[in-house]
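Because only heavy atoms are used, hydrogens play no part in the values below, and waters and symmetry mates are left out as well, while side chains stay in.
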Amino acid sequence: MNSDLTVVKVDQAWPPDFWRQIASLHQREISDGFLSTLGVDFLSELYTAIVRSDSAFLLVAFLGNSGSVAGFICGSSDTSQAVKDCMRQSGFRLFRAMLPHVLSLRTAAKVLETLRYSRRSKVDAKFPKAEILNFCVNTTIQRQGVGRRLFAELIAEFQQRGIKEIKIVTGESQASARHFYEALQARPM
């Protein structure tokens, strides 16, 4: 499978249907995550905003000649700065796309928690600033080398930026993600 893949670092110039494909993959594959509850429109805006930041990037794996997205990985050299960039450049569009989903107090609290996380990561010196923001591979082609290839490209991008250590955050319930990272020699902190 690995030889049929093309991995591309994308920018905001990609068409709207591409961003919807990324957002739909995120929502489908990370269905238990908070961001997925905010909908495809929000996720499309979010990923478009992320690639506008010099502090973040999105690598996408495409399958052969079909052009379909096999997976993606999103990294940040400084999450706090990436969030500031997203809010400054795309805050209104993000808010407008999120608005139908944040009418509950619980959802609004989750939004604030997410924003506070980026500020906390700025001041917590024991952890690297650089981190993986999101990572997913289409379930139908998992365990065929797509994730390993994306992760290798992520490491290469970080090395090109002069970054030697990255933070990987996974939830307790994400056992398969933890096993994946451990197989790649990531060490728990």
Side-chain angles (χ1 to χ4, degrees), residues 1-14 18-19 21-23 25-26 28-30 33 35-36 43 46-64 67-86 114 117-118 120-189:
M1 165 65 71
N2 222 348
S3 63
D4 294 344
L5 281 179
T6 304
V7 176
V8 177
K9 182 176 155 189
V10 299
D11 60 27
Q12 71 267 14
W14 288 69
F18 166 77
W19 297 107
Q21 193 176 3
I22 293 295
L25 180 63
H26 175 125
R28 188 174 58 250
E29 301 302 333
I30 313 174
L35 292 176
S36 294
L43 290 168
L46 177 64
Y47 284 110
T48 305
I50 285 171
V51 300
R52 286 188 184 113
S53 172
D54 290 337
S55 297
F57 57 92
L58 178 66
L59 302 170
V60 179
F62 294 95
L63 283 177
S68 65
V69 174
F72 66 85
I73 193 164
C74 184
S76 167
S77 56
D78 182 337
T79 301
S80 179
Q81 185 60 50
V83 168
K84 285 179 191 172
D85 293 345
C86 288
T114 302
Y117 168 80
S118 70
R120 248 189 344 261
S121 67
K122 181 180 180 179
V123 297
D124 197 345
K126 69 180 176 183
F127 295 111
K129 279 185 178 180
E131 70 179 297
I132 296 174
L133 299 176
N134 274 319
F135 185 9
C136 70
V137 174
N138 189 321
T139 302
T140 62
I141 55 171
Q142 287 180 0
R143 300 192 187 342
Q144 297 182 32
V146 176
R148 284 182 177 272
R149 173 82 183 275
L150 281 165
F151 190 79
E153 296 283 343
L154 172 104
I155 297 302
E157 177 67 25
F158 276 132
Q159 287 174 340
Q160 187 176 7
R161 292 170 180 238
I163 296 168
K164 295 176 171 73
E165 288 187 321
I166 62 171
K167 177 173 46 177
I168 304 169
V169 179
T170 60
E172 287 298 316
S173 65
Q174 297 175 309
S176 63
R178 285 196 323 277
H179 294 303
F180 173 81
Y181 292 124
E182 288 167 1
L184 295 172
Q185 311 305 307
R187 358 176 272 286
M189 294 182 88

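Scanning for side-chain hydrogen bond (donor to acceptor under 3.5 Å, both in side chains) contacts around E157 gives K9, R161, with sequence neighbours left out. Qualifying side-chain hydrogen bond (donor to acceptor under 3.5 Å, both in side chains) partners for Q21, counting only residues two or more places apart in sequence or in other chains: none. Remark: W19 pairs with no residue by the ring-ring contact (aromatic ring centres under 6.0 Å, His included) rule, at least two apart or across chains.
Aromatic ring pairs are classed by plane angle as parallel below 30°, tilted from 30° to 60° and perpendicular above 60°; the pair F72 and H26 is parallel.
Among all heavy-atom pairs drawn from A61 and V146, the shortest one is CB-CG1, 4.1 Å. A pairwise comparison of heavy atoms in D78 and K129 identifies OD2-NZ, 3.5 Å as the closest pair. In plain terms, the two heavy atoms of F158 and A130 that are nearest each other are CE2-CB, 3.8 Å. Residues E29 and Q142 share a closest heavy-atom pair of OE1-NE2, 4.1 Å. In this structure, A70 and L5 approach most closely via the heavy-atom pair CB-CD2, 4.0 Å. Taking every heavy atom of both residues into account, L25 and C136 meet most closely at CG-SG, 3.8 Å.
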Checklist entry - Stepwise, does the side-chain contact (heavy atoms from CB on, under 4.5 Å) test hold for R28 with T139? => result CA-CA 9 Å; R28 188 174 58 250; T139 302; over 6 Å; no
Item to check | Test log, rule side-chain contact (heavy atoms from CB on, under 4.5 Å), inputs V10 and V51 | outcome: CA-CA 7 Å; V10 299; V51 300; 4.2 Å; yes
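Remark: aromatic rings of F62 and W14 are close, center separation under 6.0 Å. Taking the six-membered ring for Trp, F18 and Y47 have ring centres at least 6.0 Å apart.
With rounding to the nearest 0.5 Å, the separation of CG in L133 from NZ in K167 is 9.5 Å. Atom CD1 of residue I73 and atom CD1 of residue I155 lie 7.5 Å apart, to the nearest 0.5 angstrom. How far CG of L58 is from CG of N134: 9.5 Å, rounded to the nearest 0.5 Å. The CD1 atom of I50 lies 4.0 Å from the SG atom of C74; values are rounded to the nearest 0.5 Å. Annotation: the span from L59 atom CG to E153 atom CD amounts to 6.5 Å, rounded to 0.5 Å.
For the pair I166 and I132, the minimum side-chain heavy-atom distance is below 4.5 Å. At a threshold of 4.5 Å between non-hydrogen side-chain atoms, the residues V137 and L150 count as touching. V8 has its side chain within reach of T6: a pair of non-hydrogen atoms, C-beta onward, lies under 4.5 Å apart. In this structure the side chain of V7 never reaches within 4.5 angstrom of the side chain of V60, judged on heavy atoms. Using a 4.5 Å heavy-atom cutoff, the side chains of I22 and V69 are in contact. No side-chain heavy atom of C86 sits under 4.5 Å from any side-chain heavy atom of V83. Within the 4.5 Å cutoff, side-chain heavy atoms of I168 are placed close to those of F151.
For CG of D54, the number of neighbouring non-hydrogen atoms (other residues, nucleotides, ligands) closer than 6.0 Å is 12 at most.
In this structure, a donor-acceptor pair under 3.5 Å is absent between the side chains of Q81 and S53.
Q12 contributes no side-chain N or O that, together with a main-chain N or O of A49, makes up a donor-acceptor pair within less than 3.5 Å. S55 places no side-chain N or O within 3.5 Å of a backbone atom of S77 that could act as its donor or acceptor partner.
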